[in-house]
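Each residue takes its place number in the sequence, starting with 1. Excluded from the calculations below are hydrogen atoms, water molecules and symmetry mates; all remaining heavy atoms, backbone and side chain alike, are included.
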Amino acid sequence: MSEEQLAFDIEGIFHEAAVESTPEWRGAPLHFTTAYYPPAELDAALDHWMFLHAHDKTHVNSRMWRHSISVPDNAQVAGHGFALYSTDLRCEPWKHSDRHESCLCVGDLMCQTICEPCEWNAITDHENGAVELWHDHALPGWRELPIVPSRLRAMDKDRMSKATRRWIAEHDPNAMQVPGAPMVTERRPFGTRHVPGRSPWGGYDISHTAIDPDRIVEGAKPLRLTSDFPMEPNRSAASSDMGLSR
C-alpha cells in the first residue's frame with residue numbers, strides 16, 4: 001500500500017468517525033425542495049451535506065440550492081430582501097450512456113429567488129424569470145419603466161454614461177429612483193440577460209427584449225427579428241407553468 005493510499009484511508013476513518021458523532025441534522029432538507037427556507041438555512045444545509053460527503057468534490061448529487069455566483073450577496077430593496085439560488089437537476093451523462101436506460105432525473109437547471117423579510121420565494125427554470133418574479137413582488141410597476149434607448153450607450157467603458165444618468169433622472173418615476181431599483185434598457189435579440197448591479201441605484205439592468213420586445217423604444221425603429229439572430233424565448237415563471245411562488 002502506498003503512503004498516499006494509506007493517508008487517504010486514515011483520512012476516511014477520521015471523517016467517518018466525525019460523521020457518526022455529529023448530532024442528527026434538523027435544518028433545511030439535505031435534498032432538493034420547493035419549500036421556503038431563509039438563505040442562511042439553505043447555506044447551512046449545503047455546508048452540512050458537503051461535510052457528510054467530503055469525498056464528493058463536485059457536490060452535484062446533492063441537488064440542493066446554492067447561492068448563485070452570478071449576482072451580489074443578499075441585498076435590501078424597499079424593505080425587501082433579494083437572494084438568488086440555483087440547482088442542477090439534470091441527468092449525469094455518464095450514468096445514462098446506454099440509450100435504453102430510462103432517465104429518472106427530475107428536471108433541469110433551476111433558479112430560486114427569495115425575499116426573507118416576507119418569507120417569500122419563487123422557483124423557475126430560468127434566471128431571468130426568477131429576477132422578474134422578484135421585481136413583481138418587491139417593486140410593482142417596474143414593468144412600466146421607460147426603456148433607456150441604446151443610442152445613449154448606457155454603459156461606457158464599464159461605467160454608466162452621464163447622458164444615461166440624466167435621461168433616467170428625467171424619465172423614471174421618483175418612486176423607482178431608490179436604492180436597488182432597476183432600469184430597463186433597449187437590447188437587441190441576442191442581449192436578453194438581466195445584469196445585476198448596473199442601474200444607477202445598484203439594481204438590475206433589465207433587458208427589454210426579454211420582458212416586452214414589442215414595446216416601442218423612444219427614437220428607435222420597432223425591433224425586427226431575423227433568422228440570423230432569433231430572440232431567446234421569454235421563459236419567465238410569470239408566463240410558464242413551471243413557475244412556483246409563495
Side-chain angles (χ1 to χ4, degrees), residues 27-29 33-47 64-87 110-148 154-155 159-160 164-185 192-208 210-212 215 234-240 242-246:
T33 178
T34 60
Y36 167 82
Y37 286 93
E41 292 190 26
L42 293 178
D43 295 341
L46 180 59
D47 287 344
M64 295 171 66
W65 293 106
R66 309 174 193 204
H67 202 178
S68 175
I69 62 174
S70 65
V71 299
D73 289 337
N74 299 356
Q76 293 288 326
V77 181
H80 295 275
F82 174 83
L84 185 65
Y85 281 72
S86 62
T87 186
M110 304 294 289
C111 291
Q112 174 181 192
T113 186
I114 299 172
C115 174
E116 185 172 0
C118 298
E119 297 187 356
W120 174 95
N121 72 328
I123 298 171
T124 182
D125 62 345
H126 198 270
E127 180 180 313
N128 271 7
V131 170
E132 292 163 24
L133 284 170
W134 181 86
H135 281 86
D136 289 339
H137 165 74
L139 293 168
W142 72 271
R143 292 179 183 269
E144 283 69 53
L145 282 171
I147 300 171
V148 180
M155 302 303 294
R159 299 182 64 180
M160 178 163 291
T164 299
R165 289 184 180 275
R166 286 196 300 268
W167 191 95
I168 292 176
E170 293 172 359
H171 290 79
D172 281 17
N174 290 335
M176 288 294 179
Q177 298 190 39
V178 296
M183 66 178 181
V184 179
T185 57
T192 60
R193 181 175 181 264
H194 304 326
V195 183
R198 288 211 314 196
S199 84
W201 309 279
Y204 267 85
D205 174 355
I206 293 181
S207 165
H208 99 281
I211 59 172
D212 192 355
R215 278 181 66 185
N234 180 7
R235 300 174 64 193
S236 75
S239 60
S240 170
M242 294 190 68
L244 303 173
S245 64
R246 72 184 295 276

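For the pair Met64/Leu42, no side-chain contact is recorded, criterion being any heavy-atom separation below 4.5 Å from C-beta on. With a 4.5 Å cut-off on side-chain heavy atoms, Met183 and Pro200 count as touching. Using a 4.5 Å heavy-atom threshold, the side chains of Arg143 and Asp212 count as separate. No side-chain heavy atom of Trp201 sits less than 4.5 Å from a side-chain heavy atom of Val178. Contact check for Tyr36 versus Glu116: side-chain heavy atoms found under the 4.5 Å cut-off. Between Ile168 and Pro146 there is no side-chain heavy-atom pair separated by less than 4.5 Å. Here the side chains of Arg66 and Thr87 are not in contact, with every heavy-atom distance at 4.5 Å or above. With contacts defined as side-chain heavy-atom distances shorter than 4.5 Å, the pair Trp142/Ile211 qualifies.
Listed for the Gln177 side chain is a donor-acceptor partner under 3.5 Å among the backbone atoms of Asp172. Looking only at distances, a side-chain donor or acceptor of Ser199 sits under 3.5 Å from a matching main-chain atom of Ala181. A distance-only check finds no donor-acceptor pair linking the side chain of Trp65 to the backbone of Pro39 [under 3.5 Å].
Rounded to the nearest 0.5 angstrom, His137 NE2 and Thr113 OG1 are separated by 8.5 Å.
For the residue pair Val148 and Thr164, the shortest heavy atom distance occurs at CG1-CG2, 4.0 Å. Nearest heavy atom pair, residue Val184 against residue Leu145, reads CG2-CB, 4.1 Å. Here the closest non-hydrogen pair linking Pro179 and Val77 is O-CG1, 3.7 Å. Nearest heavy atom pair, residue Gly141 against residue Met176, reads C-CE, 3.6 Å.
Between His135 and Phe82, the two ring planes are tilted [angle within 30° to 60°]. Taking the six-membered ring where the residue is Trp, Tyr85 and His67 present parallel rings, their angle staying beneath 30° rather than reaching 60°.
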Next item on the list: Take His80 and Cys118 through the side chain to side chain contact (heavy atoms under 4.5 Å, CB included) test and state the conclusion after the steps.
Entry: CA-CA 7 Å; His80 295 275; Cys118 298; 3.4 Å; yes
